[in-house]
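Okay, structure first, notes after.
Quick note: residue numbers are just sequence positions, from 1.
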Amino acid sequence: MNFTVTDLPSSGNKITVAATNQSVWLAISFGGVQSWQGTLTAGQSHEVAVPDGTTAIELRTGNATATSAKLNDKKIDIDASGITSVVRTATITVAGANGAAASSSSATGTADTDTDTSASSESSAE
């Protein structure tokens, strides 16, 4: 899945991931460098600060249907296809190297059925 984010504040951004009803494995990378990896049990969440100037965020999960994710307070729909048996990767591209100062962010993107980047359906961050 690929998402493009616009109007992202230049600093103070965060990714929040959570396990909804089952355990999930997650990894979060910024600019190709892994920042956090772990397993969350049902009901647990974890927050990771997005480094200032980040232009690419990668979120990988081993159980997409039980994973929720937000960039700041905007939902990232990483479970558009309902598939759990493959590792899902959501790549978030930040438009503009430093992001534009704004009070909200928006994202649009496409979803795929595995870790490939071929688009098959629309998904969005709300």
Side-chain angles (χ1 to χ4, degrees):
M1 282 168 265
N2 295 309
F3 297 92
T4 299
V5 176
T6 57
D7 298 328
L8 193 69
S10 59
S11 65
N13 299 297
K14 64 183 177 184
I15 290 271
T16 305
V17 291
T20 57
N21 59 352
Q22 296 176 357
S23 294
V24 299
W25 168 84
L26 294 148
I28 300 172
S29 300
F30 302 107
V33 178
Q34 187 170 294
S35 175
W36 179 82
Q37 172 181 283
T39 301
L40 301 175
T41 58
Q44 282 188 312
S45 65
H46 185 78
E47 184 176 291
V48 178
V50 177
D52 294 351
T54 293
T55 59
I57 302 166
E58 184 177 88
L59 172 62
R60 297 185 62 155
T61 179
N63 187 356
T65 59
T67 302
S68 69
K70 291 182 179 182
L71 175 57
N72 295 332
D73 290 322
K74 304 297 179 181
K75 180 181 177 186
I76 301 167
D77 187 9
I78 60 174
D79 180 35
S81 68
I83 294 176
T84 62
S85 61
V86 295
V87 172
R88 303 275 307 194
T89 301
T91 303
I92 304 161
T93 303
V94 178
N98 295 319
S103 60
S104 65
S105 63
S106 61
T108 59
T110 56
D112 57 9
T113 56
D114 55 27
T115 57
D116 293 334
T117 57
S118 58
S120 62
S121 65
E122 288 292 316
S123 61
S124 65
E126 299 176 8

Which atom pairs, donor and acceptor, lie under 3.5 Å between side-chain atoms of residues 25-38 and protein residues at least two apart or in another chain?
from	atom 1	to	atom 2	distance (Å)
Gln34	NE2	Gln37	OE1	3.4
Trp36	NE1	His46	NE2	3.2

Compare every heavy atom of [Y] with every heavy atom of [X], then report the nearest pair and how far apart it is.
X	Y	answer
Gly12	Asn72	O-OD1, 4.1 Å
Lys70	Lys75	CG-CA, 4.1 Å
Thr4	Ala95	CG2-CB, 4.4 Å
Ala64	Arg88	CB-CG, 3.5 Å
Leu59	Ala69	CD2-CB, 3.5 Å
Thr67	Thr20	N-OG1, 4.3 Å

What's the separation between atom [atom1] in [X] and atom [atom2] in [Y], rounded to the nearest 0.5 Å?
X	Y	atom1	atom2	value
Thr61	Ile78	OG1	CD1	5.0 Å
Asn13	Lys74	CG	NZ	12.5 Å
Leu71	Ile92	CG	CD1	5.5 Å
Thr93	Ile57	OG1	CD1	9.0 Å

**OP:** Could you check Val50 against Leu8 for side-chain contact (heavy atoms from CB on, under 4.5 Å), going step by step and ending with a plain yes or no?
**Re:** CA-CA 11 Å; Val50 177; Leu8 193 69; 5.6 Å; no
Subject >> Test side-chain contact (heavy atoms from CB on, under 4.5 Å) applied to Lys14 and Val48, step by step >> reply: CA-CA 6 Å; Lys14 64 183 177 184; Val48 178; over 6 Å; no
**OP:** Quickly, which of Thr65, Thr39, Leu40, Val17 forms a side-chain contact (heavy atoms from CB on, under 4.5 Å) with Val24? Name it, please.
**Re:** Leu40
